[in-house]
Amino acid sequence: MMKKKQKNYLIYLLILVLFSGLIYAAIRAGGHLHQFASPETAESSNAFAMFVNILHDNLSHPLGILLLQIIVILLTVRIFTLLFKWLRQPSVIGEIVAGIVIGPSVLGALYPDFFSFLFRPESLTNLELISQLGLVLFMFVIGMEVDFGTLKDKLNKTIVISHTGILFSFFLGIIVSYLIYEEYAAHQTAFLPFSLFIGIAMSITAFPVLARIIQERNMTRKPIGILTIASAANDDVTAWCLLAVVIAITKAGTLGGALYTILLTLTYIIVMFAIVRPFLKKIGEAYSNKEVINKTFVGFIFLILVISSAITEVLGIHALFGAFMAGVIMPSNFGFRKVMMEKVEDVSLVFFLPLFFAFTGLRTEIGLINTPELLIICLLLIMVAFLGKFGGCSIAARLVGESWKDSLTVGTLMTTRGLMELVALNIGYELGILPPSIFVILIIMALVTTFTTTPMLNLLEWVFRKREQKTTQQRKLLLFFGRPETGSRLLSIYQLLFGKQLSHHQVITAHYTMGTDLTQTTAAQFMEESFIPVDKEAKQLHLNIDKRYKVTDNLVSDMISTVETEAPDILLLGAGPRFMMEGEKSMASFFGLFRKKVDDVMKHVSCPVAVLVNRTYRENKELAILINGEADKFLFAYTQRMLANSDRILHLYYTNQGPNEQIIQILQLNQDYPDNTVLHPFAHIEELTSTTPYGLLLLSYDTCAKIAAKEEIYKQLPSLLVIKDKVIF
């Protein structure tokens, strides 16, 4: 084998030498031909200077400039996205701010030479075209996220809520446009398109940002979350149809002139729903998974997307509306949409959209707001934008029967504008409807209304939580699980602790998925699959449980935040069999939590915490409780509760070196429940190996830590329920 390799190297060396010599000879032979070269070509210059000239020419080339722009944009967007995630704000805000920072407002003001080189005016055409292509793909995804099943189920309420919010906001926008038109827009556009566009700008809700906020706040499956998502989807469809009409009127100049465009647009919509959608539905039934969907079929779908976008662009209502409609008519089959969204969403969100934000930032020059009058107009538009959506949607939700808390929550969420507002504003700017100063003011309005959504929701929850008094009979029990089967096991632990009384308490089951790049549809599927065992166990126990689901990239922090928000009476977690063992390197079963992470949760929450250390736990086996001195006296409350609400045999292990009153209390329990208690006094922890036949051993966290230091004893123990601190009974 070695000789064969040496032979190959030798052959390669001979070929290299032979052809190098032949090439050199050919060049020498053509040396006399230099006399025919032009003087400029024949003239030699310094090698380094030539290299510098080549670099300069390459950087000045449109492709070189475009690639450099993309690098700067993607890096800046990534930095600001992480910053705003840390501030617990939607990532879209960070992306918008990043665009403004690399625009003339910041980069152009601080480093004008670099800005003029990087974003020279003639290079912006390429950036604009690419960003528009990315928006087409993104609007296609947004269309696919519209769930008509949800709209149908909540149609009567969502129409009232969404359309009231649109009409009220539109009306306020018209009033404001009347006040500012003469001074700031009369020289550029007619009043009709300007007023209509301001009305649209006040009316838009950003469906994707709203959906992400609802997902992050565990509201996806709550009635209020479903109602808000349905209202936002209805709002999205209605607002984009209105925007198409406004664009048609703007280009025609009058409503009468736009009539033909509107009629053709209605015809286009009818054809898409009556002909194209049923056709795609039949195809979607066959092509519903990754194994069947091939490149030819994906190419066919993209062809429909491009044709739809081209038709609406030719009709004069913008290509983005066509992309949105193409997504809306895609088959509702979950597998089909999931595959298509996976193919399109990542590249549109991660690559193309940052280019759009950057291009918007290049148009946004904060310095244009340079007078007290413009600052007042900016504050006025922000106030009107918030009042229109918040007031209109909140009152409408209240009128259709929602509580004040849910109504105000709907109103707050519907003020979110984000990306959809930016898309509409850029269309208005391109059409010449919005003067630069008003464009900048509306960009700031979109940022502020989106940024304030999360703090407003936190404020509402705090206010109403103060008003909601917890009854003395009902307790709130919270459990977090990682693997689906762990959830049902933890629920059975609560059944052990509370017995017949469990149905009188509020039980909250929570499952968080690591990673924030999931689509709303994928996250919904993960949630549904993860809660199947918990739902099955709850049904057997005749329990109604509340569910919490979240996609996160900061698990422990979000767990602590949830515990503080819910304020449960006890928190239950799961861990692997080697939990608390010294030098433990492997991951615990609960979301890969190490002991340190569980300790972090215990340290920062104010309620008792129980951790199930699962070692082939079986529900039908007998139970044991270990009380190891004065520090474990809080376990008596758990013991009494279990004995009062269950017929199980309880083995009580206690140190005979403990306080006399503690021993008396244990003897009293044995006297009160002689058929259900078996006493096991011990002098040293080494005697605990006899507990291995039992299904579960309850003990305090401190005692468990002491036993875990003696690895041989700790390994022989059965499954453990380790409880930290406080009495809840």
- Could you tell me which residues satisfy side-chain hydrogen bond (donor to acceptor under 3.5 Å, both in side chains) with Thr450, sequence neighbours excluded, listed by chain and number? none
- Item | Set of residues satisfying side-chain contact (heavy atoms from CB on, under 4.5 Å) with respect to Val314, sequence neighbours excluded | none
- Task: Begin from the C-alpha positions of Leu399 and Val160 and carry the test side-chain contact (heavy atoms from CB on, under 4.5 Å) through to its verdict.
- Result: CA-CA 9 Å; Leu399 290 175; Val160 175; 5.8 Å; no
- Could you name each residue pair satisfying salt bridge (charged side-chain N to carboxylate O under 4.0 Å, His left out) that touches residues 347-356, not counting sequence neighbours? none
- Item | Minimum heavy-atom distance between Ala201 and Met445, given as atom pair plus value | O-CE, 3.9 Å
- Message: Restricting to salt bridge (Lys or Arg N to Asp or Glu O under 4.0 Å), what partner residues turn up for Asp406, sequence neighbours left out?
- Response: none
- Would you say Val328 and Arg277 make side-chain contact, with heavy atoms under 4.5 Å? no
- Task: Not counting sequence neighbours, list each pair that qualifies as a ring pair (Phe, Tyr, Trp, His ring centres under 6.0 Å) and has a residue in residues 412-445.
- Result: Tyr429-Phe439
- Message: Using the ring-ring contact (aromatic ring centres under 6.0 Å, His included) criterion, which residues pair with Tyr181? Sequence neighbours excluded.
- Response: Phe191, Phe194
- Query: Can you name the residues that form a side-chain hydrogen bond (donor to acceptor under 3.5 Å, both in side chains) with Asn370, not counting sequence neighbours?
  - Reply: none
- Message: Is the shortest side-chain heavy-atom distance between Leu129 and Leu133 below 4.5 Å?
- Response: no
- Query: Residues in salt bridge (Lys or Arg N to Asp or Glu O under 4.0 Å) with Glu430, at least two apart?
  - Reply: Arg363
- Note on the structure: CD1 of Ile433 to CD1 of Ile247, rounded to nearest 0.5 Å, is 7.5 Å
- Query: Is the backbone of Ile304 close enough, under 3.5 Å, to the side chain of Ser308 for a donor and an acceptor to pair up by distance?
  - Reply: no
- Task: For Phe451, enumerate each residue passing the side-chain contact (heavy atoms from CB on, under 4.5 Å) test, keeping only those at least two apart in sequence or located in another chain.
- Result: Phe84, Gln89, Ile93
- Can you tell me how far CG of Leu179 sits from CG of Leu381, rounded to the nearest 0.5 angstrom? 10.0 Å
- Message: For Thr453, give me all partners under side-chain contact (heavy atoms from CB on, under 4.5 Å), at least two apart in sequence or on another chain.
- Response: Ile213, Thr412, Leu413, Thr415, Thr416, Leu457
- Message: Closer than 3.5 angstrom, by distance alone: can the side chain of Gln188 be matched with the main-chain N or O of Gly432 as a donor-acceptor pair?
- Response: yes
- Note on the structure: Sorted by chain and residue number, the ring-ring contact (aromatic ring centres under 6.0 Å, His included) partners of Phe386 (sequence neighbours excluded) come out as Phe390
- Task: For Leu379, check side-chain contact (heavy atoms from CB on, under 4.5 Å) against everything at least two apart and list the hits.
- Result: none
- Phe140 and Phe302 aromatic ring geometry - parallel, tilted or perpendicular at 30°/60° bounds: tilted
- Task: Could you tell me which non-hydrogen atom of Asp235 sits nearest to which non-hydrogen atom of Ser203, and how far apart they are?
- Result: OD1-O, 3.5 Å
- Item | Side chain to side chain, Leu227 and Ile161, heavy atoms closer than 4.5 Å | yes
- Message: Measuring only between side-chain heavy atoms, which start at C-beta, is Phe324 closer than 4.5 Å to Thr312?
- Response: no
- Message: Nearest 0.5 angstrom please: Thr454 OG1 to Leu87 CG, how far?
- Response: 10.5 Å
- Message: Using a 3.5 Å distance criterion without hydrogens, assess whether the side chain of Arg398 forms a donor-acceptor pair with backbone atoms of Glu402.
- Response: yes
- In Å and rounded to the nearest 0.5 Å, what is the OG to CD distance from Ser177 to Glu182? 12.5 Å
- Would you call Met202 and Leu442 a side-chain contact if the rule is heavy atoms closer than 4.5 Å? yes
- Message: For the CZ atom of Phe273 and the CE atom of Met325, what is their distance to the nearest 0.5 Å?
- Response: 4.0 Å
- Is the shortest heavy-atom distance from the side chain of Leu305 to the side chain of Leu137 under 4.5 Å? yes
- Salt-bridged, Glu566 to Arg548, with N to O below 4.0 Å? yes
- Under 3.5 Å, is there a donor-acceptor pair linking the side chains of Thr205 and Lys389? yes
- Identify the two heavy atoms, one from Val384 and one from Gly173, that lie closest to each other, and give their separation to 0.1 Å. CG1-N, 4.5 Å
- Could you grab the distance from atom NZ of Lys157 to atom OG of Ser162, nearest 0.5 Å is fine? 13.5 Å
